[in-house]
Amino acid sequence: MAAATPEIRTFLCRSDNIGVLMRDPATGACAAIDVPEAAPVLRALDETGWRLTDILVTHRHADHVEGIPEVKRATGARVTAPAKAGAAVPEVDVTVSEGDAVRVGDLLGQVWETPGHCADHVTYWFRDAGLVFAGDTLFTLGCGRVMESPPEVLWHSLSRFLALPDGTQVFSGHDYVLSNARFALAADPDNENLKARAAEAERAKREDRFLIPSTLGVERATNPFLRSTEPDLARAVDLSPGADPAAVFVALRAWKNRF
């Protein structure tokens, strides 16, 4: 029998971090994806009545883990974190690496190592549920800043997402959608899908909501970094239409850094 469709709650943490709770209705197990700060996570749990059993950490940066000790004390949740993060993630119970599996009740996820933003970054892909928790690797209309590797490493990580079904929901770690949209329109100005998405982002801001999750199909059509395979994006960075997508990505990321 297929696993039940998970229940999801998203909410803002800090100034622009996205908090996510995922609950398996069949078992009541519930996971937080990162804990940027404790209060919003505990408030969401109180509002939903859900019982937190797990914390799945995408990477070691403070704005993703600093709320873990307080939330773990309050809930007793098991903390799963990237093995490569070492001691930088507090209160870790389980470490994971490429190809490992994680369970939240009956929900089964696969661990991808997706370095580039930082060396220890992982992504959690729940295939049967059609969800991927991308942390700071893939954003709505954007991607993470390269911090600890050559930019080609982040391109390799991003390219893995291109193999996922269009309907896969993508949960990212920050809401940078308006600044991402401005850059995307500069890089890909003739993209009608992107123009519509940027207008949607503006409406969402006015209505005090955010475009997370996105879907792989939407990102494939509108996110310039995932579109590094497209001739229009190669031309935008003064490369030939048949240029290596990794080279296109490197040029786009360098442009975004100074945009």
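Computation of the quantities below employed the complete heavy-atom set of this structure, encompassing side-chain atoms and omitting hydrogens, waters and symmetry-equivalent molecules.
- One distance of note links CG of L21 with CG of D54; it measures 11.5 Å at 0.5 Å rounding.
- Remark: side-chain polar atoms of D34 are paired, donor with acceptor, to backbone N or O of T58 under 3.5 angstrom.
- In the displayed structure, R209 atom CZ is contacted under 6.0 Å by more than 12 heavy atoms of other residues, nucleotides or ligands.
- Here the two rings, on H174 and H64, have centers that are under 6.0 Å apart.
- Side chain to side chain, T137 and S157 fail the donor-acceptor criterion of an N or O pair below 3.5 Å.
- When all heavy atoms are compared, the tightest approach of D166 to T215 is O-CB, 3.5 Å.
- Hydrophobic clustering (ILVMFWY, side-chain heavy atoms < 4.5 Å, transitive): W155 and L138 are in one cluster.
- Comment: E202 does not engage K205 in a salt bridge, judged by the lack of any side-chain N to carboxylate O separation of less than 4.0 angstrom.
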(request) Report the C-alpha separation of K84 and S97 in whole Å, then their side-chain angles, then the decisive distance to 0.1 Å, and conclude whether the side chain to side chain contact (heavy atoms under 4.5 Å, CB included) test is met. (result) CA-CA 8 Å; K84 290 181 178 177; S97 301; 5.7 Å; no
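- Between E200 and R203, no side-chain nitrogen of the basic residue sits less than 4.0 Å from a carboxylate oxygen of the acidic one, so the salt-bridge criterion is not met.
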(request) Decide yes or no on side chain to side chain contact (heavy atoms under 4.5 Å, CB included) for Y124 and V111, but give the supporting numbers first. (result) CA-CA 5 Å; Y124 298 96; V111 177; 4.0 Å; yes
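- In this structure, the side chains of F225 and F139 stay at 4.5 Å or more apart for every pair of heavy atoms.
- Minimum heavy-atom separation, A44 to R9: CB-CG, 4.5 Å.
- Contact detail for A184 and L194: the closest heavy-atom pair is O-CD2, 3.3 Å.
- Under the 4.5 Å side-chain criterion, counting only non-hydrogen atoms from C-beta, F126 is not in contact with L108.
- A distance-only check finds a donor-acceptor pair linking the side chain of D120 to the backbone of R60 [under 3.5 Å].
- Here the closest heavy-atom approach between residue L211 and residue A204 is recorded as CD2-CB, 3.8 Å.
- Y176 places no side-chain N or O within donor-acceptor distance of the main-chain N or O of C143, the cut-off being under 3.5 Å.
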(request) Please step through side chain to side chain contact (heavy atoms under 4.5 Å, CB included) for the pair I8 and L131, ending with a clear verdict. (result) CA-CA 10 Å; I8 300 287; L131 309 175; 3.9 Å; yes
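- Distance alone, capped at 3.5 Å, is enough to place a donor-acceptor pair between the H117 side chain and the R145 backbone.
- A salt bridge is defined here as a Lys NZ or Arg NE, NH1 or NH2 lying under 4.0 Å from an Asp or Glu carboxylate O, and R43 with D46 fails to meet this definition.
- Separation of atoms CH2 (W125) and OG1 (T168) is listed at 7.5 Å; rounding is to 0.5 Å.
- Rounding to the nearest 0.5 Å places CD1 of I68 at 12.0 Å from CD of E70.
- Hydrophobic clustering, with ILVMFWY side chains joined whenever heavy atoms are under 4.5 angstrom apart, keeps W50 apart from L56.
- Residues L154 and L226 fall within the same hydrophobic cluster, defined by Ile, Leu, Val, Met, Phe, Trp and Tyr side chains chained together at heavy-atom separations under 4.5 Å.
- The CZ atom of F171 lies 7.0 Å from the OG1 atom of T10; values are rounded to the nearest 0.5 Å.
- With contacts defined as side-chain heavy-atom distances shorter than 4.5 Å, the pair V65/V79 does not qualify.
- In this structure, the side chains of P82 and H121 stay at 4.5 Å or more apart for every pair of heavy atoms.
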(message) What verdict does the side chain to side chain contact (heavy atoms under 4.5 Å, CB included) test give for D190 and D232, after you've listed the backbone C-alpha separation in whole Å, the side-chain angles of each residue and the deciding distance to 0.1 Å?
(response) CA-CA 9 Å; D190 298 324; D232 285 348; 5.6 Å; no
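- Within the 3.5 Å criterion, the main-chain N or O of D106 finds a donor-acceptor partner in the side chain of D24.
- Atom CZ of R235 sits about 10.0 Å away from atom CD of E230, to the nearest 0.5 Å.
- Side-chain contact between T140 and T222: absent, with no pair of heavy atoms (C-beta onward) separated by less than 4.5 Å.
- In this structure, K256 places its NZ atom where more than 12 heavy-atom neighbours from other residues, nucleotides or ligands lie under 6.0 Å away.
- The shortest heavy-atom contact between R51 and C30 is O-CB, 3.3 Å.
- The backbone N or O of G144 lies less than 3.5 Å from a partner atom in the side chain of R253, making a donor-acceptor pair.
- Ion pairing of R160 with E98 is present here, as a side-chain N (NZ or NE/NH1/NH2) and a carboxylate O approach within less than 4.0 Å.
- Inter-residue side-chain proximity for S228 and L233 is flagged as unmet; no heavy-atom pair is nearer than 4.5 Å.
- What you find for I18 and S172 is that their closest heavy atoms are CB-O, 3.6 Å.
- When atom types are taken as modelled, the side chain of R220 and the backbone of L162 share a donor-acceptor pair closer than 3.5 angstrom.
- Using modelled atom types, one side-chain atom of K72 and one backbone atom of E91 make a donor-acceptor pair closer than 3.5 Å.
- Note that CE of M22 is 5.0 Å distant from CG of L107, once rounded to the nearest 0.5 Å.
- In this structure the side chain of R227 reaches within 4.5 angstrom of the side chain of N191, judged on heavy atoms.
- When hydrophobic clusters are built by joining Ile, Leu, Val, Met, Phe, Trp and Tyr residues whose side-chain heavy atoms come closer than 4.5 Å, directly or via intermediates, L12 is not grouped with V35.
- R197 places a side-chain heavy atom less than 4.5 Å from the side chain of S214.
- At most 12 non-hydrogen atoms from other residues, nucleotides or ligands lie less than 6.0 angstrom from CG of D208.
- For E219 (side chain) and L141 (main-chain N/O), a donor-acceptor pair under 3.5 Å exists by modelled atom type.
- Under a hydrophobic clustering in which Ile, Leu, Val, Met, Phe, Trp and Tyr are joined whenever their side-chain heavy atoms come within less than 4.5 Å, directly or via other members, L158 and L252 fall into the same cluster.
- A donor-acceptor contact shorter than 3.5 Å links the side chain of E148 to the backbone of A119.
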